[in-house]
Peer 1: 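Next up is a structure, given as structure tokens.
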Amino acid sequence: MRTPVIAGNWKMYKTIAEAVDFVTKLKPLVAAAAHCEVIVAPPFTALRAVTEAVKGSNIAVAAQDVHWDKEGAHTGDISPVMLLEAGCTHVIIGHSERRTDHGETDESVNRKVKAALARGLLPIVCVGERLAEREAGKTEEVLKRQFQGGFAGLTPEEFSRIIVAYEPVWAIGTGRTATPEMAAESHRYFRGLVRGQFGEAVAGALRILYGGSVKPDNVAGLMAQEEIDGALVGGASLKPDSFAALVNYPRA
Ligand code: PEP
């Protein structure tokens, strides 16, 4: 039985005050949610204030990116040690917006994953195809390339600490969601890759989240799929009520 994860990616939204106000309102709304892990990913500036504000609650905090070095001449970057000091337990790595806006590659994803794991941060690693790749029938090819590149050189124990988010790029922020069946098919394929590389136990325990226009009105259909172990949510994670409705998705 895999414990689901509902994670909110706030991207470049919310000041420190807005972020603290959000989690203050969210805490009572999700306090009874024992069925899943709840994670929010504020911008860097709000991390410390949010980790302080969620203390004693069931809400964990992720950063949205990390550099692989402990420190150094990397203007604008942030190190795993700094994220730990700010109280983060998780970090999102390889989001498609990082890949597009900042030229991230599977190789840089791999370096970041290894650095995060080495420091004790839990990576939430994003994979997923672009629209043209899906239309060209290349979804599996892309997932295989991202798997092989992004997770190269990991031991099964290291990989077992990772959460994967399958986010078809064409569904992010577009209102266009993959159907639950489409998402489940990609998750199944990805889990098969994991099985081949790391074995049945690791593959069976891996949480694969779906991301791409998840909303309170479509979350139940997605979560009803056995292959879907949670959601990484952008837009609908920005309001406490909406995010709480995702966390408290209808369950059978
Ligand atoms: C995301 O940013 O990871 C995402 C899935 O965004 P949205 O839910 O807005 O599509």
Side-chain angles (χ1 to χ4, degrees), residues 1-9 30 33-39 41 60 62 90 92 94-96 122-131 133-135 137-144 146-147 150-151 159-237 242-252:
M1 182 64 189
R2 299 185 287 263
T3 304
V5 177
I6 303 291
N9 171 18
V30 300
H35 61 283
C36 72
E37 292 174 19
V38 183
I39 304 173
H90 296 72
I92 298 172
H95 191 281
S96 65
L122 302 173
I124 302 170
V125 184
C126 303
V127 298
E129 78 288 358
R130 297 175 183 284
L131 182 59
E133 292 165 335
R134 172 159 284 264
E135 286 177 349
K138 291 190 171 160
T139 298
E140 293 189 352
E141 194 184 303
V142 171
L143 292 178
K144 189 174 194 176
Q146 292 173 336
F147 172 73
F151 302 110
F159 189 85
S160 70
R161 285 184 271 145
I162 285 171
I163 296 170
V164 168
Y166 168 62
E167 300 206 308
V169 181
W170 48 270
I172 297 179
T174 59
R176 219 179 131 178
T177 326
T179 64
E181 293 73 22
M182 279 160 82
E185 198 183 325
S186 292
H187 286 212
R188 203 169 299 117
Y189 175 74
F190 196 90
R191 200 179 299 283
L193 295 172
V194 175
R195 187 175 297 113
Q197 181 74 24
F198 297 109
E200 181 58 46
V202 173
L206 171 68
R207 272 90 60 86
I208 307 181
L209 319 185
Y210 168 76
S213 299
V214 177
K215 308 256 179 304
D217 63 5
N218 61 21
V219 66
L222 289 159
M223 292 304 295
Q225 293 284 333
E226 208 190 308
E227 269 296 337
I228 299 181
D229 306 309
L232 179 58
V233 187
S237 76
S242 159
F243 188 58
L246 294 172
V247 170
N248 299 315
Y249 61 87
R251 300 179 298 285

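Computed from a predicted model, the values in this text were never measured in an experiment. By convention here, the first residue in the shown sequence is residue 1.
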Peer 1: Closest approach of R2 and L206, non-hydrogen atoms and distance?
Peer 2: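 Shortest heavy-atom separation between R2 and L206 comes out as CD-O, 3.1 Å.
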Peer 1: Should we say atom NZ of K215 is surrounded by more than 12 heavy atoms from elsewhere, each under 6.0 Å from it?
Peer 2: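 Check passes, neighbour count above 12.
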Peer 1: With distance as the sole test, does Q146 use its side chain to make a donor-acceptor pair with the main-chain N or O of G128 at under 3.5 Å?
Peer 2: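 Side chain of Q146 to backbone of G128, a donor-acceptor pair under 3.5 Å: yes, one is there.
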Peer 1: Using the side-chain contact (heavy atoms from CB on, under 4.5 Å) criterion, which residues pair with S237? Sequence neighbours excluded.
Peer 2: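 Listed in chain order: W10, V233, F243.
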Peer 1: If you measure from CD1 on I92 to CD1 on I163, what distance do you get to the nearest 0.5 Å?
Peer 2: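 Taking CD1 in I92 and CD1 in I163, the distance rounds to 10.0 Å.
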Peer 1: Quick check on E133: does its CD atom have over 12 non-hydrogen neighbours (other residues, nucleotides or ligands) under 6.0 Å away?
Peer 2: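 Atom CD in E133 is packed in, count exceeds 12.
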Peer 1: How far does CE of M223 sit from CZ of R251, to the nearest 0.5 angstrom?
Peer 2: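 The CE atom of M223 sits 9.0 Å away from the CZ atom of R251.
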Peer 1: I want to check something: taking the side chain as every heavy atom from C-beta on, are I124 and V5 in contact at a cut-off of under 4.5 Å?
Peer 2: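 The answer is no, as the side chains (C-beta and beyond) never meet within the 4.5 Å cut-off.
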Peer 1: Tell me the side chain to side chain donor-acceptor pair (under 3.5 Å) pairs involving residues 202-214, sequence neighbours left out?
Peer 2: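 Applying side chain to side chain donor-acceptor pair (under 3.5 Å) to every pair that reaches into residues 202-214, excluding sequence neighbours, yields E37-R207.
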Peer 1: For the atom pair CZ (R134) and CE (M182), what is the distance rounded to the nearest 0.5 Å?
Peer 2: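 So the CZ of R134 and the CE of M182 are separated by 4.0 Å.
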Peer 1: Are the side chains of T139 and Y189 in contact, using a 4.5 Å heavy-atom criterion?
Peer 2: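 No, their side chains stay 4.5 Å or more apart.
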Peer 1: Using side-chain contact (heavy atoms from CB on, under 4.5 Å) as the criterion, list what pairs up with S96, not counting sequence neighbours.
Peer 2: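 S96 satisfies side-chain contact (heavy atoms from CB on, under 4.5 Å) with V169, I172 only.
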Peer 1: Distance check, rounded to the nearest 0.5 Å: Y166 atom OH versus R188 atom CZ?
Peer 2: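 Interatomic distance, Y166 OH to R188 CZ, rounded to 0.5 Å: 12.5 Å.
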Peer 1: Is there a side-chain contact between F151 and V164 (heavy atoms, below 4.5 Å)?
Peer 2: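 Yes, close enough: below the 4.5 Å cut-off.
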Peer 1: Kindly compute the distance separating NE2 (H187) from CG (L143), expressed to the nearest 0.5 Å.
Peer 2: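 H187 NE2 to L143 CG: 9.0 Å, rounded to 0.5 Å.
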Peer 1: Taking all atoms of both residues into account, what is the closest heavy-atom pair of A184 and I228, and its distance?
Peer 2: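 Residues A184 and I228, closest heavy atoms: N-CD1, 4.2 Å.
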Peer 1: Looking only at non-hydrogen atoms, find the nearest pair between A33 and N248 and report the distance.
Peer 2: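 Answer, listing the atom of A33 first, then N248: CB-OD1, 3.8 Å.
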Peer 1: How long is the straight-line distance from CG of N218 back to OH of Y249, given to the nearest 0.5 Å?
Peer 2: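 Those atoms lie 14.0 Å apart.
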Peer 1: Of all heavy-atom pairs between R176 and L131, which one has the smallest distance, and what is that distance?
Peer 2: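 For R176 versus L131, the nearest heavy atoms are NH1-CD1, 3.8 Å.
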Peer 1: Any pair with a residue in residues 194-203 that passes side chain to side chain donor-acceptor pair (under 3.5 Å), sequence neighbours left out, goes on the list, sorted by first then second residue, please.
Peer 2: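 Sorted result for residues 194-203: R195-E200.
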Peer 1: Under the side chain to side chain donor-acceptor pair (under 3.5 Å) rule, collect the residues that match up with R191, sequence neighbours excluded.
Peer 2: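 By the side chain to side chain donor-acceptor pair (under 3.5 Å) rule, R191 matches E227, D229.
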Peer 1: So which heavy atom on P168 is nearest to which on A178, and how close?
Peer 2: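 So the two residues come closest at CG-CB, 4.3 Å.
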Peer 1: Sequence neighbours left out, what passes side-chain contact (heavy atoms from CB on, under 4.5 Å) with E181? Give chain and number order.
Peer 2: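 Per chain and number, E181 pairs via side-chain contact (heavy atoms from CB on, under 4.5 Å) with T179, Q225.
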Peer 1: Here's a test for you: under side-chain contact (heavy atoms from CB on, under 4.5 Å), which of T177, V214, V247 qualifies with V219?
Peer 2: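 Passing option: V214.
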Peer 1: Looking at every heavy atom in both G230 and I6, which two are closest together, and how far apart are they?
Peer 2: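 That closest heavy-atom pairing would be CA-CD1, 4.3 Å.
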